[in-house]
Colleague: 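Please see the structure below; I have some questions.
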Amino acid sequence: MNDGTVTLPWLVVRQDDNGNRYRVGRYATRAEAERIAGSLDGRGHKQLYWVERISRSGTSAD
């Protein structure tokens, strides 16, 4: 990017056993986000973790 901003388009999301969803963090690459989600998922808790791409408008893109 020429304007000096950092783009973090990959989001890790956590859903707890009550169905509540939380943003865990934003990452520059999908590989980094997948690594974090896998690390958290491997801890054996009931939470579910997944990766989403964020569109330029700031919303999750499928």
Side-chain angles (χ1 to χ4, degrees):
M1 304 214 85
N2 293 335
D3 62 1
T5 61
V6 177
T7 301
L8 302 172
W10 295 99
L11 177 67
V12 174
V13 179
R14 174 179 68 108
Q15 181 172 313
D16 65 20
D17 54 343
N18 294 316
N20 300 308
R21 296 179 180 186
Y22 304 94
R23 180 183 303 167
V24 174
R26 292 177 66 170
Y27 303 91
T29 66
R30 182 178 186 155
E32 182 181 17
E34 293 282 356
R35 187 172 53 251
I36 297 297
S39 168
L40 293 168
D41 195 42
R43 293 184 180 180
H45 298 287
K46 292 184 180 180
Q47 288 84 13
L48 173 67
Y49 295 89
W50 69 89
V51 173
E52 295 179 356
R53 184 172 175 85
I54 299 173
S55 69
R56 290 182 185 244
S57 66
T59 60
S60 295
D62 292 317

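Not measured: the values here are computed from a predicted model. FYI, the numbering just counts along the sequence from 1.
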Colleague: Is the shortest side-chain heavy-atom distance between W10 and R53 below 4.5 Å?
Modeller: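 Yes, their side chains come closer than 4.5 Å.
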
Colleague: With the side chain counted from C-beta on, respond yes when R26 and I54 share a heavy-atom pair under 4.5 Å apart, and no when they do not.
Modeller: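 Answer yes - side chains close enough.
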
Colleague: CD of Q47 to CG of D17: how many Å apart, nearest 0.5 Å?
Modeller: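 Between atom CD of Q47 and atom CG of D17 there are 6.5 Å.
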
Colleague: Closest approach of V12 and A33, non-hydrogen atoms and distance?
Modeller: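 Between these two residues, the closest heavy atoms are CG2-O, 3.4 Å.
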
Colleague: Do E52 and V13 have side-chain heavy atoms sitting under 4.5 Å apart?
Modeller: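 E52 reaches V13 side chain to side chain.
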
Colleague: With no hydrogens and no angle check, is any side-chain donor or acceptor of R14 less than 3.5 Å from a backbone partner on V24?
Modeller: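 Not confirmed, R14 side chain does not pair with V24 backbone.
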
Colleague: How far apart are the C-alpha atoms of W50 and E34, what are their side-chain angles, what is the distance that settles it, and do they pass the side-chain contact (heavy atoms from CB on, under 4.5 Å) test?
Modeller: CA-CA 8 Å; W50 69 89; E34 293 282 356; over 6 Å; no

Colleague: Please evaluate residues L8 and Y27 with respect to the criterion side-chain contact (heavy atoms from CB on, under 4.5 Å), reporting the C-alpha separation (whole Å), side-chain torsions for both, the decisive distance (0.1 Å), and the verdict.
Modeller: CA-CA 5 Å; L8 302 172; Y27 303 91; 5.6 Å; no

Colleague: Quick one: closest heavy-atom pair of P9 and A28, and the distance?
Modeller: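 So the minimum-distance heavy-atom pair works out to CD-O, 3.8 Å.
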
Colleague: Would D16 and Y22 satisfy side-chain contact (heavy atoms from CB on, under 4.5 Å), going step by step from the backbone distance to the final call?
Modeller: CA-CA 8 Å; D16 65 20; Y22 304 94; 3.7 Å; yes

